[in-house]
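Scope of the values below: all heavy atoms of this structure, side chains included, with no hydrogens, waters or symmetry mates.
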Amino acid sequence: ETLFNLGNYQVAVGDSSQVSHQLDQLKALRTDFSDSDGYMDSLKECADDLSKQCDPAGCSGIEQTVSDLGTRWYEVADQLQHQVATFETLLAHWDKYNADLNALKSCIEEKDKQVNETIIASDEPANTDKSLKKLKGLRSEVQDLLASLSQLEKNSENITSHLDDVSAFQFTMEQSQLKQRLQALLHNLDTVIQRHQTEHDKYNVFKSSIKDISGFLVSAKDVLKAEDPNQSADEERLRPRLEQLQGLSSQFSQRSPDMDKVNDLGCKLKLTDKDSEKLQKLSKEWQQLCSDANQRSKTLQSHALLHQDFHSKCEQWLLFLAQVEKVLSAKLATTYEGLQEQQRGFETFQSNMYSQQQVLQSIISDGQKLMQEGDIEDQRQFQQKLQLLDSQWQSVVRRADQRKSIISNQLSLWNNYRSLLEKLRTKLTHIERAIEGQQLQTAHIQQLRVMFDSLKGQQEELQSSEDLYNQVQEMGKLLQHS
């Protein structure tokens with residue numbers, strides 16, 4: 001009867017309070033069994049009496065029976081003692097586990113609260129750097145909590161190995177829920193950190209660009225402080241100053257993409273009021289100085305052309321046409337950085353191109369005066385040449401616009417490709433981290449099912465990214481062909 005009852009306690013069932021109740025029942029069973037020592041004593045006395053009345057063979061049988069029963073008695077007592085000790089050890093492990101688990105849950109609650117507060121605070125532009133540093137620190141702390149949970153799971157094997165499958169599943173379910181909660185918290189942190197890190201990097205680019213452009217505008221002011229020799233006919237004074245102003249206008253054109261980029265970043269970033277005012281002031285100053293440089297360059301060139309003969313103007317125009325052919329026939333760059341450099345160079349070229357329009361207009365004007373004064377013998381042929389010059393200019397404008405459009409389209413294609421590639425990398429990084437969190441090790445079937453469901457979710461997320469992957473592939477092929 002005792003062995004039958006003991007068989008009901010080979011594995012623990014339920015939670016710690018139920019196991020504690022089972023231990024009490026085991027101890028009661030042990031006490032009842034110990035209290036039955038009298039039966040064994042009575043049996044021995046009875047055997048002694050029988051042995052006095054039996055022959056040697058009967059005595060031997062009685063002694064053997066008593067010995068076997070005594071051995072069995074002590075074996076059952078040892079089993080009872082062992083099972084009681086096992087349950088006591090199990091409860092001791094369980095109490096420590098509950099203490100560690102409750103401490104971990106409190107840490108997770110506190111960490112969850114800190115993460116939410118930091119994320120809310122990080123939306124303020126003035127707190128970005130401080131919040132980013134704190135978010136990274138919190139991420140490290142959440143990873144530590146995941147490591148503590150993994151260690152707790154490992155330690156809990158001392159408990160689950162003594163539980164039935166149902167109880168073991170219920171026991172590990174809370175661990176799985178905590179793990180999912182920490183992984184969700186980690187994913188949320190990764191997303192926010194990635195967003196703020198991107199904004200932080202963009203803001204550093206913004207600050208660096210503001211500093212660079214401000215320095216350029218200071219040097220531009222120094223150039224524009226000097227007076228222009230608009231009343232002078234001395235080419236030695238006119239030419240250096242004109243080249244200086246034209247060079248400044250070219251620099252404004254070349255740096256125009258930089259200014260556009262800064263304004264674009266200013267629209268996308270959450271700037272402080274101070275940064276917003278600084279950007280507005282910079283943009284306004286840029287427009288004023290750029291306009292001033294272009295206008296003064298144009299005015300001085302008009303004045304210089306008045307003192308330049310028809311022949312030298314024609315030579316200048318022919319040199320410009322040779323430059324045009326060289327620029328427009330150049331092979332298109334095949335890299336993102338190369339295209340950016342080409343775009344800058346083309347901005348400078350276009351700035352110079354429109355300054356040369358004044359030369360063309362002056363040539364046509366001088367030519368018409370020469371015809372009116374009768375200095376041209378074959379006026380019809382000369383008129384055709386002047387018209388040809390105008391046609392050449394229209395062709396230059398058209399080809400330049402086409403070239404600019406091609407470069408802009410290629411850069412737009414590259415920007416789309418880089419943006420899609422970054423999105424895909426972010427998704428894949430998240431999936432990789434989630435998979436790394438699923439440590440395939442010896443576990444109960446229920447734990448393996450939870451891990452399987454989680455991995456299945458990651459598989460579905462990966463499949464949902466297939467369209468994005470295909471877009472990146474197609475965009476990459478377009479860039480290769482172009």
Colleague: So, Gln254 and Glu347: side-chain donor and acceptor under 3.5 Å apart, yes or no?
Modeller: no
Colleague: Checking salt bridge (charged side-chain N to carboxylate O under 4.0 Å, His left out) for the pair Asp222/Lys225: CA distance, chi angles, key distance, verdict?
Modeller: CA-CA 5 Å; Asp222 291 338; Lys225 279 179 182 177; 3.7 Å; yes
Colleague: Would Glu285 and Lys221 count as a salt bridge (charged side-chain N to carboxylate O under 4.0 Å, His left out) if you check the C-alpha gap in whole Å, the side-chain angles of each, and the deciding distance to 0.1 Å?
Modeller: CA-CA 10 Å; Glu285 191 174 23; Lys221 287 179 184 177; 2.3 Å; yes
Colleague: For the pair Gln358 and Ser302, evaluate side chain to side chain contact (heavy atoms under 4.5 Å, CB included) and give the outcome as yes or no after the intermediate values.
Modeller: CA-CA 7 Å; Gln358 280 185 287; Ser302 297; 2.6 Å; yes
Colleague: I want to check something: taking the side chain as every heavy atom from C-beta on, are Leu149 and Glu153 in contact at a cut-off of under 4.5 Å?
Modeller: yes
Colleague: Crowded around Glu227 CD? As in, over 12 foreign heavy atoms under 6.0 Å?
Modeller: no
Colleague: Which word best sums up how the rings of Phe320 and Trp317 line up, parallel for under 30°, tilted for 30 to 60°, or perpendicular for over 60°?
Modeller: tilted
Colleague: So, Gln342 side chain and Ile407 main chain: donor-acceptor pair closer than 3.5 Å or not?
Modeller: no
Colleague: Report yes if the side chains of Leu178 and Leu145 come closer than 4.5 Å at any heavy-atom pair, otherwise no.
Modeller: no
Colleague: Tell me if the aromatic rings of Tyr97 and Trp94 count as close, with their centers under 6.0 Å from one another.
Modeller: no
Colleague: Has Arg239 got more than 12 heavy atoms of other residues, nucleotides or ligands less than 6.0 Å from its CZ?
Modeller: yes
Colleague: Using a 4.5 Å cut-off on heavy atoms from C-beta on, say whether the side chain of Leu152 contacts that of Ser148.
Modeller: no
Colleague: His311 pairs by side-chain hydrogen bond (donor to acceptor under 3.5 Å, both in side chains) with which of Lys313, Glu315, Gln308?
Modeller: Glu315
Colleague: Do Arg403 and Phe346 meet the cation-pi criteria used here (NZ or CZ under 6.0 Å from the six-membered ring centre, within 45° of the axis)?
Modeller: no
Colleague: Would Asp201 and Gln197 satisfy side chain to side chain donor-acceptor pair (under 3.5 Å), going step by step from the backbone distance to the final call?
Modeller: CA-CA 6 Å; Asp201 294 342; Gln197 185 64 57; 3.0 Å; yes
Colleague: Run the side-chain contact (heavy atoms from CB on, under 4.5 Å) test against Asn204 and tell me which residues pass, sequence neighbours left out.
Modeller: His200, Lys207
Colleague: Can you find a heavy atom in the side chain of Ser297 that is under 4.5 Å from one in the side chain of Leu248?
Modeller: no
Colleague: So Trp286 and Phe252, would you call those rings parallel, tilted or perpendicular, with 30° and 60° as cut-offs?
Modeller: perpendicular
Colleague: Check whether more than 12 heavy atoms from other residues, nucleotides or ligands sit under 6.0 Å from atom NZ of Lys111, and answer yes or no.
Modeller: yes
Colleague: Under the salt bridge (charged side-chain N to carboxylate O under 4.0 Å, His left out) rule, what do Lys105 and Glu110 come out as? Steps first, then yes or no, please.
Modeller: CA-CA 9 Å; Lys105 286 164 72 174; Glu110 180 63 26; over 6 Å; no
Colleague: Just by distance, do the side chain of Arg296 and the backbone of Leu224 share a donor-acceptor pair under 3.5 Å?
Modeller: yes
Colleague: Distance-only, no hydrogens or angles: does the Ser395 side chain make a donor-acceptor pair with backbone N or O of Ser391 under 3.5 Å?
Modeller: no
Colleague: For Ser249, is there any backbone N or O sitting under 3.5 Å from a side-chain donor or acceptor partner on Ser253?
Modeller: yes
Colleague: Looking at side-chain heavy atoms only, is the closest gap between Leu185 and Leu138 below 4.5 Å?
Modeller: no
Colleague: Is the backbone N or O of Phe216 less than 3.5 Å from a side-chain atom of Ser219, with the two atoms forming a donor-acceptor pair by type?
Modeller: yes
Colleague: Does any non-hydrogen side-chain atom of Lys113 lie less than 4.5 Å from one of Glu117?
Modeller: yes
Colleague: Going through the distances and angles, do His303 and Leu242 end up as a side chain to side chain contact (heavy atoms under 4.5 Å, CB included)?
Modeller: CA-CA 10 Å; His303 178 68; Leu242 178 58; over 6 Å; no
Colleague: Give the minimum heavy-atom separation between His307 and Ser232, together with the two atoms involved.
Modeller: NE2-O, 3.9 Å
Colleague: Is there a donor-acceptor pair under 3.5 Å between the side chain of Ser106 and the backbone N or O of Asn102?
Modeller: yes
Colleague: Please report the C-alpha distance between Asn263 and Ser283 in whole Å, then the side-chain angles of each, then the deciding distance to 0.1 Å, and finally whether the side chain to side chain donor-acceptor pair (under 3.5 Å) criterion is met.
Modeller: CA-CA 8 Å; Asn263 283 322; Ser283 297; 2.9 Å; yes
Colleague: What is the distance from atom CD1 of Ile364 to atom CD of Gln361, rounded to the nearest 0.5 Å?
Modeller: 7.5 Å
Colleague: Is there a side-chain contact between Tyr203 and Leu265 (heavy atoms, below 4.5 Å)?
Modeller: no
Colleague: Under a 3.5 Å distance rule, please check whether Ser209 uses its side chain to pair with a backbone N or O of Val205 as donor and acceptor.
Modeller: yes
Colleague: If we count only N and O atoms by modelled type, under 3.5 Å, do the side chains of Gln244 and Arg241 hold a donor and an acceptor together?
Modeller: yes
Colleague: Does Asp112 reach the main-chain N or O of Ile108 with its side chain, forming a donor-acceptor pair under 3.5 Å?
Modeller: no
Colleague: Take atom CD of Glu341 as the centre, draw a 6.0 Å sphere, and report whether it contains more than 12 heavy atoms from other residues, nucleotides or ligands.
Modeller: no
Colleague: If you round to the nearest 0.5 Å, how far is NZ of Lys274 from CG of Leu279?
Modeller: 14.5 Å
Colleague: CG/Asp258 to CD1/Ile210 distance, rounded to the nearest 0.5 angstrom?
Modeller: 11.5 Å
Colleague: Report yes or no: do Ser312 and Asp309 form a side-chain donor-acceptor pair below 3.5 Å?
Modeller: yes
Colleague: Taking side chain as C-beta onward, heavy atoms only, is Thr299 less than 4.5 Å from Asp228?
Modeller: no
Colleague: Nearest 0.5 angstrom please: Leu339 CG to Leu413 CG, how far?
Modeller: 10.0 Å
Colleague: Ignoring hydrogens and geometry beyond distance, is a side-chain donor-acceptor pair present between Ser412 and Asn415 at under 3.5 Å?
Modeller: no
Colleague: Looking at residues at least two apart in the chain, or sitting in another chain, which of them share a side-chain contact (heavy atoms from CB on, under 4.5 Å) with Thr191?
Modeller: His187
Colleague: When you look at Lys385 and Leu389, which way does the side chain to side chain contact (heavy atoms under 4.5 Å, CB included) test go after all the steps?
Modeller: CA-CA 6 Å; Lys385 289 182 178 181; Leu389 288 176; 5.9 Å; no
Colleague: Using only atom types and a distance under 3.5 Å, with no angle test, would you say the side chain of His93 pairs donor to acceptor with the backbone of Asn155?
Modeller: no
Colleague: Could you grab the distance from atom CD of Gln379 to atom CG of Leu370, nearest 0.5 Å is fine?
Modeller: 10.0 Å
Colleague: Are any of the side-chain nitrogens in Lys270 or Glu199 under 4.0 Å away from the carboxylate oxygens of its partner?
Modeller: no
Colleague: To the nearest 0.5 Å, how far apart are CG in Leu332 and CD in Gln410?
Modeller: 5.5 Å
Colleague: Is there a salt bridge (charged side-chain N to carboxylate O under 4.0 Å, His left out) between Arg181 and Glu109? Walk through the geometry before answering.
Modeller: CA-CA 10 Å; Arg181 183 176 177 184; Glu109 289 292 338; 2.9 Å; yes
Colleague: With a 3.5 Å cut-off and no angle check, do the side chains of Gln143 and Arg139 form a donor-acceptor pair?
Modeller: yes
Colleague: Given 3.5 Å as the limit, does a donor-acceptor pair link the side chain of Ser408 with the main chain of Lys404, or not?
Modeller: yes
Colleague: Please check if any side-chain donor atom of Gln194 sits under 3.5 Å from a side-chain acceptor atom of Asp190, or the reverse.
Modeller: no
